[in-house]
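Reviewing the structure listed below.
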Amino acid sequence: MIDKTRGRLFRKYAVVIVAIVSGALVLGGAIDIYFSYRQNISALASIQQEKAAAAGMEIEAFIQSIERQIGWVIPPPGLAGTVTTEQRSADYTRLIRQVSEITEVRYLDASGKECLRVSRLARNLLGCGANVSATPEFTIPRAGKIYHSPVYFRNESEPYMTLAISEGANAGVTVVEVNLKFVLEPISRTKIGQQGYAYIVDPNGNLVAHPDISLVLQKKDLSILPQVRAARTNPQTNLFERDNNTAQGADLQGRVVLSTYRFIESLRWFVFVEQPLDEAFAPIYSAIAYTTLLLLAVIALAMLASLILARSLVTPINILRDSAARIGAGALDQRIDIHTGDELESLADEFNHMSARLSESYATLEQKVIERTQQLARSVARLQGLAEVSQTISSTLDLNQVLSNMVSHAVQLSGADGGAIYEYDETREEFLLRATYQMSEELIAAIRSRKIDLTDPTAARVATTRAPVQISDVASESDFAFRQVYERAGLRALLAVPLFHKEKIIGMLAVRRKTTGEFQPETVDLLQTFAAQSALAIQNARLFQEIETQKAELASWNQNLEERVQSQVAELERVGRLRLFLGPQVAELIASSQQDLLASHRREIAAVFADMRNSTAFADSVEPEEVIAVMREYHAALSEKIVLHEGMVEHIGGDGAMVIFNDPVLCDNPAARAVHMAIEMRAAIAALQIKWKARGFDLGFGIGVTLGYATMGAFGSENFFHYGGVGTVLNLAARLSGEAKDGQILITQRVLAATEDQFEAEAVGDFNLKGISKPVMGYNVLRVKDHLLVQV
Amino acid sequence: MNAITRREFLQRAAILGLSATMIALLDGCSILPGSTPTPKVFRIGVISGATRDAAVAQRIEAFRQGLRELGYVEGQNIIIEYRFAEGRAERYPVFAAEFVQLPVDVIVAVGDIAVIVKQATSTIPIVFLQTSDPVGVGLVESFAHPGGNITGLTSGQNLGITGKQLQLLKEAIPSITRVAIFWESAALFSQAQLAARALGIPLQSLQVTTPDDIERLLEAVTQEHAEALLVQSGPRLASRRPQFMELLAKSRLPAIFNLRDYVDDGGLMFYGRNLLNDWYRAATYVDKILKGAKPGDIPVENPTKFDFVINLKTAKTLGLTIPQSVLAQATEVIR
């Protein structure tokens, strides 16, 4: 993944810088060239025009100077006719000598005859000859102008011009042949640049003068050249419109030239100043070339610079990246070396700091890991030790074995030189040595001989603080009991850890060390763990002991219990039998061993006698089975109410039942209870009576309730006795019941008085009862008073 | 730091390449405007019919001067070989053949030697000097377009100055009734004949065929009672100039020459071309040819300036008085 991005930053920078710089340069260069081009062209045109003008003027001057020279040999108008031929000949000779351009001078007299010829080449002629009055060399000067002939070629190769100047209106004409080779001079001198030149063409386009005279001698016709053609077609003579006569043309070799011309009016010649376009533009081309080269050079430089720059930018970044990669891979000792003096350098420094800190923390981490590992190893060892110990504890109940194992492990794992476990005996209030490890006999003996109780300072501290106690140097503990023994054994430091169970101290674990100094917290923790284990072990042992003891106790208790249970069961059986004969209350009463009750005793009781009417008649008329069934129903309903109101059945027989309240079980307001029960009995029997009636049995029911004293108790013998009562109250109840009609509950005045507030009763009258001396007022209980209606 | 990766290597190569190209371009740029081609050493062969005397040496010096001014340095880019026939016409073909063998890059031939040289080679460019009628003798087709491999400068004789010379002679010594002409070139002779007829002066013809003939010819002059000489000097006569002048001095005859050397040696008058100019100008021709121009395209030049030199010392010796009108025409006078 690193390689994919490698070089991208570099390329990016390089490309950007190169593009920017190159772009700027190219733009600048192009603009420069364009303007330079424009300037060059106009400069060239100007120069050419100047030169053309200058050349034109020079040529005109040249011709004019010849004309002036000729003027020397022309006599003043006044003396025109007086000049002799000899004179003239001498003049002409001098002229020829003086002016090398003049090859021949002729004189035409006033009539146009050729009368004198002085020649450089040919023979001189004196005397008049041919008549050339018709020729323009005669006619035009006579008209007053200087005649310039068109250019002609002698020997087909030398350009000549004939100049003719008149001496006066009607005088002769001096005709001069001018060798135009001498026009070469000013033309040759006209130079533009290296290859620029000037030349002259006549109106026909023939070359009149040229720096290369051979071309002139060849009589080159330049009218084929475009610029010459153009000039001849439309000669621009306006001096102020100079730009119009500069154009691109061609030379004889076909090269493109920049050409300017000047039209010499007097001679009707065209002076052309030309320069090959290549040369004209050479500065431009070379400027372009130089600019391009410069551009390339600068682009190359820019590329170089950009490469260097980009490299200088990117190299530190790459260094950073690589170093970061290496650091990331784990080589934390890498340091990045950048000295660019900018942000990158500070970044590199930060990296180095980070790397240093990383390696520090790594080293620290390593160290910590090593430490931790060691700790772990120790812890593991300890745990193993503890596990072994635990195993030991759980595998055996032999306390001594367990404690020995424990103390040996404790000493080994804590790196101590010896140790012991004590058990605290509560009864004797002293620590007893139970197990030792690596202790000298002397020390053991010394300890055993001495009673370590709570007066011993170390033990006291341990017991009271319930925390480990250390003595870093026994030498400095003056009140240490075994100091001398320790010193003799070479032991200097002591760590004692309490063993306690449920806030009670049950022992002590002590380890000793030959070197002074505090015990390490983890050692203390370890010993505390051992202590806990030891306590556990001791406790276990004690518990076991207890269990054993308790088991024995339990066994004896068990035995005891069995015997007692047996007797109880017998008792219960007896009571159960009793119950059969006695009411449940009585049975219970007896069962609860209140044997006194069986003796007769006088008590105020309420007696309720319930009795059926017409029962005898019923029994006679109905089948015995049906009688029994009815009786059963009757007794069931009565029993239910009796039990419900907790009355005691004195006796049940046939069709009647006598129920007693307040004996043997005391109750409050027995009369009310009795009446309540009677009411409910009545209701229950009434319901039965409806059923009986449906079956055709007509039975009535009445109740009598009395209140009074009676003598109660068990009557009979050991094997068979009856609990009941003797008294008037009982008789009265029975008699009253006999007097009751069906559905009546008759009560005595005494009962009424006791229950008046609870029941509504009506007086029934007096009754004279058998066995009772006085008449008894009887009342019929109607119902419970409304405000006392109680749900049953 | 790291080993050079391929990418880095390519980058460096690119940088180097660019720099090299840059330098090369700059280098090349410096020679863009005007590239000097490697100089070749040209061989120029000069054949003269005369002897290498002082006058000839002067002309040759003018030629060399001309070449120097055109940028040629002897020994560096040109080597000039000289052959002097000393009047012996039979040597011409030998020299021509030699130059063709060497070979030389251009042959400069004086006078009619050009004809021989033209026969010897049609490829090596030839520049002629002091030739009177190149068209007539078949050297060139026309002045404007010589054609072939030959061009040069004329002596101007063809322009008819022979007549002028005769006229000047007659003007200087009006009493002359009979003129003898020493000639080597037929063209000039015919010109002289025409001029003599026009002037009405009988002309004695003396053709110089060999240099040894001079004494005999001069004798013939005195025998025929010529009163003046028109000397059309050629290589044969020129090779015996001292001897000729000696004899002439003895004969006490006035003469007009076409070669200035004679006047310097005691001749009376000279009208004609300044040969130093011609030789100087010849260098231009050689230069053009060496630069690659075809001789056939370089037009033949006529001279424009003519000198008229009068040796007054000789006039005095001969007891002649030169008229003013003639003196007025002189370009130079030797007193």
Under 4.5 Å from a heavy atom of chain A, the part of B:F308 involved = neither
Should we count CD of A:Q98 as having more than 12 external heavy atoms under 6.0 Å?
-> no
Who passes side-chain hydrogen bond (donor to acceptor under 3.5 Å, both in side chains) against A:D221, sequence neighbours left out?
-> A:S223
Can we say B:D287 and B:K291 salt-bridge, meaning some charged N sits less than 4.0 Å from an Asp/Glu carboxylate O?
-> yes
If contact means a heavy atom pair closer than 4.5 Å, which residues of residues 324-335 of chain B contact chain A?
-> B:A328, B:Q329, B:A330, B:T331
Can any side-chain N or O of A:E177 pair as donor or acceptor with the backbone N or O of A:T103 at less than 3.5 Å?
-> no
With sequence neighbours excluded, what pairs up with A:E114 under the side-chain hydrogen bond (donor to acceptor under 3.5 Å, both in side chains) test?
-> A:R106
For B:K164 and A:S119, indicate whether the former's side chain and the latter's backbone hold a donor-acceptor pair under 3.5 Å.
-> yes
Chain A contact via B:Q165 - side chain, backbone, both or neither, heavy atoms under 4.5 Å = neither
Whether A:D202 side chain and A:V151 backbone form a donor-acceptor pair below 3.5 Å | no
Between A:T93 and A:S89, is there a donor-acceptor pair closer than 3.5 Å when you use the side chain of the first and the backbone of the second?
-> yes
A:R120 side-chain N/O to A:I102 backbone N/O, donor-acceptor pair under 3.5 Å = yes
Interface moiety of A:R97 toward chain B, non-hydrogen atoms closer than 4.5 Å = side chain
Residues of residues 272-280 of chain B within contact distance of chain A, non-hydrogen under 4.5 Å = none
Could you check A:D91 against A:R94 for salt bridge (charged side-chain N to carboxylate O under 4.0 Å, His left out), going step by step and ending with a plain yes or no?
-> CA-CA 5 Å; A:D91 285 339; A:R94 266 206 303 283; 2.7 Å; yes
Under the 3.5 angstrom rule, does the side chain of B:T131 hit a backbone N or O of B:F128 as a donor-acceptor pair?
-> no
